[in-house]
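Written below as structure tokens is the structure these notes are about.
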There are 2 protein chains.
Amino acid sequence: MSSMQPLTTGASLTSQVTDMLRAAVTSGEMRPGEHYSAIGLAEKLGVSRTPVREALQLLEKEGIVRIEKNRGVRVIQMSLDEIVQIFQIRIILEPPAAARGAEAATDRDLEQIQVLHGRILDAAAAGDGPRTLQADKEFHLYLLGLAGNARLTELDRELRNLVLTRGLVTIPSARSGQDLADDRREIINALLRRDSKAVALAVREHVTRTAKLLVAGVSAHTPGLSAEEYLTKIDQLSKHCT
Amino acid sequence: MSSMQPLTTGASLTSQVTDMLRAAVTSGEMRPGEHYSAIGLAEKLGVSRTPVREALQLLEKEGIVRIEKNRGVRVIQMSLDEIVQIFQIRIILEPPAAARGAEAATDRDLEQIQVLHGRILDAAAAGDGPRTLQADKEFHLYLLGLAGNARLTELDRELRNLVLTRGLVTIPSARSGQDLADDRREIINALLRRDSKAVALAVREHVTRTAKLLVAGVSAHTPGLSAEEYLTKIDQLSKHCT
DNA sequence: TGGTGAGCGGTTGCATGCTACTCATGGGGA
DNA sequence: TCCCCATGAGTAGCATGCAACCGCTCACCA
């Protein structure tokens with residue numbers, strides 16, 4: 001957090017602080033379960049309590065922190081149940097959006113998608129976990145963006161950010177990384193064929209796999225927690241997609 | 001807004017003010033396009049500017065108002081495009097959630113659903129538009145809640161609130177009200193048969209119809225705006241549901 | 001007459017003072 | 001020894017002060 005001097009750009013302090021705190025959480029700099037005070041954060045950032053407090057309220061609305069009255073703020077330790085809920089939503093939303101994106105994509109868009117895909121591969125080849133995750137996010141959000149529904153894209157971005165607080169450590173294992181890469185390869189192929197149905201299926205597969213890897217990873221790190229119950233929940237909604 | 005004295009309960013002033021302002025917008029008391037100032041709102045509510053300001057930031061994040069730097073705040077006039085985007089999301093999300101709800105529902109839940117359904121009919125019979133909308137919302141949110149995904153339910157509630165700012169005047173026309181009632185009847189029937197697939201279809205039909213009525217209504221009230229383009233967009237995503 | 005800039009009313013944005021609340025601790029009483 | 005309550009340290013929540021900023025009007029000048 002030492003690098004966190006608010007820039008002097010035109011953006012309001014509150015929004016700058018919001019972004020910084022969010023970044024601090026998703027980067028793992030502020031750890032789940034840990035206690036922080038608005039006063040302390042304000043001092044560390046060199047601003048007054050007000051913008052920090054406002055930023056924390058916004059982050060609370062996003063579900064990243066919980067403000068405890070007169071006690072301080074705590075980075076939320078996302079439960080497996082909540083992770084599953086978030087993925088349930090993503091698995092419902094992303095396939096149709098991506099399919100629509102495949103329909104609407106221009107040739108130029110397809111080129112750009114391949115560029116973004118290349119960046120994932122580069123980052124993965126370099127063994128840079130965080131960069132891989134970031135590139136993956138940009139790839140998917142670009143694809144979703146093609147559907148022309150800005151609110152859906154923004155919603156998905158938020159949902160992805162939420163799980164990042166737990167996903168950093170668990171996702172990038174060797175074998176699983178290869179599976180995810182294969183998934184993406186398939187998405188690309190379907191895109192290039194402009195086979196929207198196949199895109200939807202591939203995206204669904206990809207997100208579902210991500211979810212299951214994450215659930216398995218988290219439950220493995222948490223003694224006395226069975227992944228089984230949660231794994232079955234993942235498909236419980238999406239299997240009803242009309 | 002005269003009835004808006006913050007209660008003295010345990011809840012924080014900020015959250016009380018947030019709820020009041022949100023209610024004021026959805027009830028039409030604060031009108032889209034109109035300009036308001038935090039100072040004025042604070043005086044009217046009898047509180048200081050701080051909780052009002054914080055409430056407005058939260059509402060901005062919800063997409064209900066836009067804060068204009070050093071100028072005041074404006075209730076967002078939702079464009080047809082945004083309305084369509086919101087409904088695209090709802091049409092994707094609600095059917096599978098409702099279908100899962102149908103699976104998970106207890107007998108007691110089914111009774112409760114029927115009670116809520118009765119309330120819609122009562123309100124509609126009394127010709128009470130706002131109450132009908134409110135009851136309709138409760139009905140659907142209860143059904144979605146049965147799916148056991150609190151985040152999805154909350155998300156849907158927010159999406160519904162957003163269109164309420166435009167929906168008040170346009171929805172409750174005589175003929176369309178009957179169609180919507182028929183839709184709900186069908187949802188209920190499918191629920192009682194525990195036919196989750198039929199529930200999904202009925203919900204999808206219902207939400208889609210609501211969307212089209214709203215789009216048609218808004219475009220009719222707006223000279224020089226063709227509904228056609230927007231009506232076709234509504235199904236553009238959901239047709240890809242896997 | 002047309003254009004320009006200085007002043008003004010009004011607003012947010014941020015800082016800070018104060019109060020009430022929460023929790024932990026330690027001392028005193030049973 | 002154990003329990004209870006008083007006390008204190010630390011916090012968020014709210015009110016308020018102040019400055020920077022925006023857009024508008026209107027007078028002044030070319």
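What you see is a predicted model, and the numbers here were worked out from it, not measured in a lab. In what follows, chains are A, B, ... by sequence order, proteins preceding strands, each numbered from 1.
- When rounded to the nearest whole Å, the span between CZ of A:Arg66 and P of C:dT22 equals 17 Å.
- Computed from coordinates, the B:Lys69 NZ to D:dA20 C1' distance equals 9 Å when rounded to whole Å.
- Distance from the side chain of B:Val47 is smallest to D:dA15 among D:dA15, C:dG13, D:dA12.
- In this structure, the CG atom of B:Leu13 is 13 Å from the C1' atom of D:dA12, given to the nearest Å.
- Contact check on A:Asp81 versus A:Lys233 returns a salt bridge, with a Lys/Arg side-chain nitrogen under 4.0 Å from an Asp/Glu carboxylate oxygen.
- Counting only heavy atoms from C-beta outward, the side chains of B:Glu154 and B:Arg151 never approach each other to under 4.5 Å.
- To the nearest angstrom, P of C:dC23 lies 11 Å from CZ of A:Arg74.
- Put simply, A:Ser37 has a side-chain N or O that comes within less than 4.0 Å of OP1 or OP2 on D:dT11.
- B:Arg22 has a carboxylate O that lies under 4.0 Å from a charged side-chain N of B:Asp19, or vice versa, which qualifies the two as a salt bridge.
- Checking A:Asn70 against A:Ser15, the closest nucleotide of DNA chain C that is more toward the 5' end is the one next to A:Ser15.
- Under 4.0 angstrom from either OP1 or OP2 of D:dC14 there lies at least one side-chain N or O belonging to A:Arg53.
- Residues A:Thr153 and A:Asp156 bring no donor and acceptor atom of their side chains to less than 3.5 Å of each other.
- Close to C:dC14, at under 4.0 Å from its OP1 or OP2, lies a side-chain N or O of A:Thr14.
- In this structure, A:Leu58 atom CG and C:dG13 atom P are separated by 12 Å, rounded to whole Å.
- Per the geometry, CD belonging to B:Glu43 stands 14 Å off C1' belonging to D:dA15, to the nearest Å.
- Comparing A:Arg71 and A:Glu54 by the nucleotide of DNA chain C that holds the closest heavy atom to each, the one mapping nearer the 5' end is A:Glu54.
- Between the NE2 atom of B:His35 and the C1' atom of C:dT12 there is a distance of 11 Å, given to the nearest Å.
- Side-chain N/O atoms of A:Glu229 and A:Ser226 include no donor and acceptor closer than 3.5 Å.
- Close to D:dG17, at under 4.0 Å from its OP1 or OP2, lies no side-chain N or O of B:Arg49.
- Between B:Thr50 and D:dC14 there is no side-chain polar atom (N or O) within less than 4.0 angstrom of OP1 or OP2.
- When rounded to the nearest whole Å, the span between CD1 of B:Ile39 and P of D:dT16 equals 13 Å.
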